[in-house]
Amino acid sequence: QVQLVESGGGLVQAGGSLRLSCAASGRAFGSYHIGWFRQAPGKERDFVATITWSGSETYYADFVKGRFTISRDSAKNMVYLQMNSLKNEETAVYSCAARSIYVSGTYGGPGTYAYWGQGTQVTVSS
């Protein structure tokens, strides 16, 4: 019922910036919170940030606070993740996901997000 497609990944030098985009269905923006997660090679998937369906609240993992910004443009059915001051260890596949507004639990739990995009590769080099 909800489809998500990420874009904007690529190769960036350490200290540089990238903006990721997540294109979602209208329902995702109306009844779902949208989150960003990342998974580095050989590691578990980590929570990065989430924005509520209304766009009035945002949540960030501690390791990205002050550097990353999540935002949404409901008119365009888009959610963005602006990433600044990128570090080598942040090389990963970044995915957006949709979580029903009726689901309880921490926003950082991947299991609470029912719909996922295919992911976009972000590679940070020295």
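Excluded from the calculations below are hydrogen atoms, water molecules and symmetry mates; all remaining heavy atoms, backbone and side chain alike, are included.
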With [X] via side chain to side chain donor-acceptor pair (under 3.5 Å) - residues at least two apart:
{"X": "Asn84", "result": "Ser17, Gln82"}
{"X": "Thr91", "result": "none"}
{"X": "Ser126", "result": "Asn88"}

What residues, two or more places apart in sequence or in another chain, satisfy side-chain contact (heavy atoms from CB on, under 4.5 Å) together with [X]?
{"X": "Ser95", "result": "Glu6, Val93, Trp116"}
{"X": "Ser85", "result": "Arg67"}
{"X": "Ser56", "result": "Thr52, Ser54"}
{"X": "Val122", "result": "Leu18, Leu20, Met83, Tyr94, Val124"}

(request) Identify whether Leu81 and Val5 are in the same connected component of the hydrophobic contact network (ILVMFWY, side-chain heavy atoms under 4.5 Å). (result) no
(request) Consider only side-chain heavy atoms of I, L, V, M, F, W and Y, link residues closer than 4.5 Å, and tell whether Leu11 and Leu86 are in one cluster. (result) no
(message) For Lys65, give me all partners under salt bridge (charged side-chain N to carboxylate O under 4.0 Å, His left out), at least two apart in sequence or on another chain.
(response) Asp62
(message) Could you report the tightest heavy-atom contact between Thr112 and Ser104, atom names first, then the distance?
(response) CG2-O, 4.0 Å
(message) Tell me the closest heavy-atom pair linking Pro110 and Phe37, and the distance in Å.
(response) CG-CE2, 3.7 Å
(message) Check this for me: Glu89, atom CD, are more than 12 non-hydrogen atoms of other residues, nucleotides or ligands nearer than 6.0 Å?
(response) yes
(message) Suppose the criterion is salt bridge (charged side-chain N to carboxylate O under 4.0 Å, His left out): which pairs have a residue in residues 36-61, not counting sequence neighbours?
(response) Arg38-Glu90
(request) Evaluate the criterion side-chain hydrogen bond (donor to acceptor under 3.5 Å, both in side chains) for residue pair Ser31 and Tyr102; output intermediate values, then yes/no. (result) CA-CA 8 Å; Ser31 302; Tyr102 303 108; 5.8 Å; no
First locate atom [atom1] of [X], then atom [atom2] of [Y], and finally report the distance between them rounded to the nearest 0.5 Å.
{"X": "Thr50", "Y": "Tyr32", "atom1": "OG1", "atom2": "OH", "answer": "15.0 Å"}
{"X": "Ser21", "Y": "Asp73", "atom1": "OG", "atom2": "CG", "answer": "10.5 Å"}
{"X": "Tyr115", "Y": "Ile34", "atom1": "OH", "atom2": "CD1", "answer": "11.5 Å"}

(request) Check whether any side-chain heavy atom of Trp36 lies under 4.5 Å from a side-chain heavy atom of Ile51, and answer yes or no. (result) no
(request) Would you check if the side chain of His33 reaches a backbone N or O of Trp53 as a donor-acceptor pair within less than 3.5 Å? (result) yes
(request) List in chain and number order the residues that pass ring-ring contact (aromatic ring centres under 6.0 Å, His included) with Tyr60, two or more places apart in sequence or in another chain; answer none if no residue qualifies. (result) none
(message) My understanding is that only residues two or more places apart in sequence, or in another chain, count here; which of them pass ring-ring contact (aromatic ring centres under 6.0 Å, His included) with Tyr80?
(response) none
(message) Test: disulfide bond (SG atoms under 2.5 Å apart). Region: residues 89-126. Which pairs qualify, not counting sequence neighbours?
(response) Cys22-Cys96
(request) Apply ring pair (Phe, Tyr, Trp, His ring centres under 6.0 Å) to Phe47 and Tyr59, showing your working. (result) CA-CA 10 Å; Phe47 167 75; Tyr59 303 87; 8.1 Å; no
